[in-house]
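Single-structure report; data block below.
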2 protein chains.
Amino acid sequence: MDLQTVILGFLNDGPLTGYELSKRMDASVGFYWHATHPQIYTTLKSLAKKGLVDFTMEYQSGAPNKKIYSITDAGRDALFRNLQSETLKDEVKIPLLVAMYFGGELGPQYWRELLANHLDAQKAVLEQYRSLCESLPQTDPDRDLKQFLRYKTLDFGIGYQQFLIRWLEDILKEIGE
Amino acid sequence: MDLQTVILGFLNDGPLTGYELSKRMDASVGFYWHATHPQIYTTLKSLAKKGLVDFTMEYQSGAPNKKIYSITDAGRDALFRNLQSETLKDEVKIPLLVAMYFGGELGPQYWRELLANHLDAQKAVLEQYRSLCESLPQTDPDRDLKQFLRYKTLDFGIGYQQFLIRWLEDILKEIGE
DNA sequence: TTAACATATATAATATATTACATATATTTC
DNA sequence: GAAATATATGTAATATATTATATATGTTAA
């Protein structure tokens, strides 16, 4: 899986500008695949060079012009070929766990404070996912598999946050809030 | 958080060669911070250049020589400074979720098979973490905070796998195994 | 005894990603 | 009216990471 495939996936739903792509990504796939905007712009450029996407210019008087990107037939082929040939190996970096593994010497007071702050932040993220969830229609897999699977990726995010929050609360109980 | 800090963290427990570092990482911190061996060797080199680690050569007749790396006082300072100045923002890439988000068109049969295979693989990972867990002493935070926090990072891995497995099983039930 | 695998250390080429810089307008807030 | 923020698009410099290549020995299994 790479950013190219992610971008092709978004464009398979309809044409988008780089900016719209970036915003849409942050609001959906973002929590399990993040990309910054320079990355998105450069990847769009290289996808266009390969003929997997093309774009039309929308000239605007006053505001900067827009490049509206669309997926090509070759792009659609590449998308589904890539989706099926994936190793599905996660790439995960969780700095909190690294800090916990190596930072025992920082003392209980340090960890009480840091974990309490982290807990608050994670609760806020959970609420964010929950409000996103309300705006998403929940369907059964036989009616609309695509929508069902998309719903399930958000469900993953909610379940993960719940697990994280419980785990943090357990530790705080043990080291004494 | 960066690989430099992770390596300094390991060396703070005692001297290691690049190879040992790589193996130890895979067997502990690996599931929340992974690095390949070329990355480790080049990072060790740059840490040495900065004076945060040094090394002694162990000349071996027959077998290749070993470079045994140790952390310096400056390295220890850098380690604890870095550990405390972290943003703690996760960097997570989960290809399975991306594939689910974009791959609804691949059909229910495709997803049944893929998710069932993924479930088996994740169960194997859970067993691996569990056997690791048995060899690790569980202490209370007042007696040995360092060991307690290390234990908790493994506990996180186990809890995460359990959540993942339940989530996959739920989906398989819904799309009909 | 030959092949395969594990130990051990690296470099080179390439790919990917981040941070800082750069520009320009519209809208909202003080 | 000025400042801040959002929209919108990009480049440059740098940092980080992966894959392939290279070398050389010890150990284990067919």
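Order of the sequence lines fixes the chain letters, A, B, ..., with proteins taken first and strands second; residue numbering starts at 1 for each chain.
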When you check the phosphate oxygens OP1 and OP2 of [N], does a side-chain N or O of [X] lie under 4.0 Å from one of them?
{"X": "Q39(B)", "N": "dT16(D)", "result": "no"}
{"X": "K23(B)", "N": "dA8(C)", "result": "no"}
{"X": "Y41(B)", "N": "dA10(C)", "result": "no"}
{"X": "T42(B)", "N": "dA17(D)", "result": "no"}
{"X": "K45(B)", "N": "dT11(C)", "result": "yes"}
{"X": "T36(B)", "N": "dT18(D)", "result": "yes"}

For the side chain of [X] and the backbone of [Y], is there at least one donor-acceptor N/O pair under 3.5 Å apart?
{"X": "E20(B)", "Y": "T17(B)", "answer": "yes"}
{"X": "T72(B)", "Y": "G51(B)", "answer": "yes"}
{"X": "W111(A)", "Y": "G103(A)", "answer": "yes"}

Could you tell me how far apart [X] ([atom1]) and [N] ([atom2]) are, to the nearest whole angstrom?
{"X": "M25(A)", "N": "dA17(C)", "atom1": "CE", "atom2": "C1'", "value": "12 Å"}
{"X": "I40(A)", "N": "dA8(D)", "atom1": "CD1", "atom2": "C1'", "value": "13 Å"}
{"X": "L44(A)", "N": "dA17(C)", "atom1": "CG", "atom2": "P", "value": "14 Å"}
{"X": "L3(B)", "N": "dT18(C)", "atom1": "CG", "atom2": "P", "value": "16 Å"}
{"X": "E20(A)", "N": "dA8(D)", "atom1": "CD", "atom2": "P", "value": "7 Å"}
{"X": "L21(B)", "N": "dA8(C)", "atom1": "CG", "atom2": "C1'", "value": "13 Å"}
{"X": "H34(B)", "N": "dT18(D)", "atom1": "NE2", "atom2": "C1'", "value": "10 Å"}
{"X": "Y69(A)", "N": "dA8(D)", "atom1": "OH", "atom2": "C1'", "value": "12 Å"}

Of the options [options], whose atoms approach the side-chain atoms of [X] most closely?
{"X": "K66(A)", "options": "dT7(D), dT9(D), dT11(C)", "answer": "dT9(D)"}
{"X": "T17(A)", "options": "dA8(C), dT9(D), dT18(D)", "answer": "dT9(D)"}
{"X": "D2(B)", "options": "dT11(D), dT16(D), dT9(D)", "answer": "dT16(D)"}
{"X": "P38(A)", "options": "dA17(C), dT19(D), dT18(C)", "answer": "dT18(C)"}
{"X": "K93(B)", "options": "dT7(C), dA17(C), dA12(C)", "answer": "dA17(C)"}
{"X": "H37(B)", "options": "dT11(C), dT11(D), dT9(C)", "answer": "dT9(C)"}
{"X": "Y19(B)", "options": "dT7(C), dT19(D), dT9(D)", "answer": "dT7(C)"}

Original post:
Between I68(B) and E91(B), which is nearer to the 5' end of DNA chain C once each is assigned its nearest nucleotide?
Top reply: I68(B)
Original post:
For the residue pair F31(B) and Y129(B), is the inter-centroid distance of their aromatic rings smaller than 6.0 Å?
Top reply: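 Ring centroids of F31(B) and Y129(B) are less than 6.0 Å from each other.
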**OP:** Compute the centroid of each ring, for Y32(B) and then for F156(B), and state whether the two points are separated by less than 6.0 Å.
**Re:** no
Original post:
Contact class for T43(B) (heavy atom, under 4.0 Å): base, sugar-phosphate, or nothing?
Top reply: nothing
**OP:** Give a yes or no on whether Y101(A) and L106(A) share a hydrophobic cluster (residues Ile, Leu, Val, Met, Phe, Trp, Tyr; joining criterion: side-chain heavy atoms under 4.5 Å apart).
**Re:**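 They do share one cluster, since a chain of ILVMFWY contacts under 4.5 Å joins Y101(A) to L106(A).
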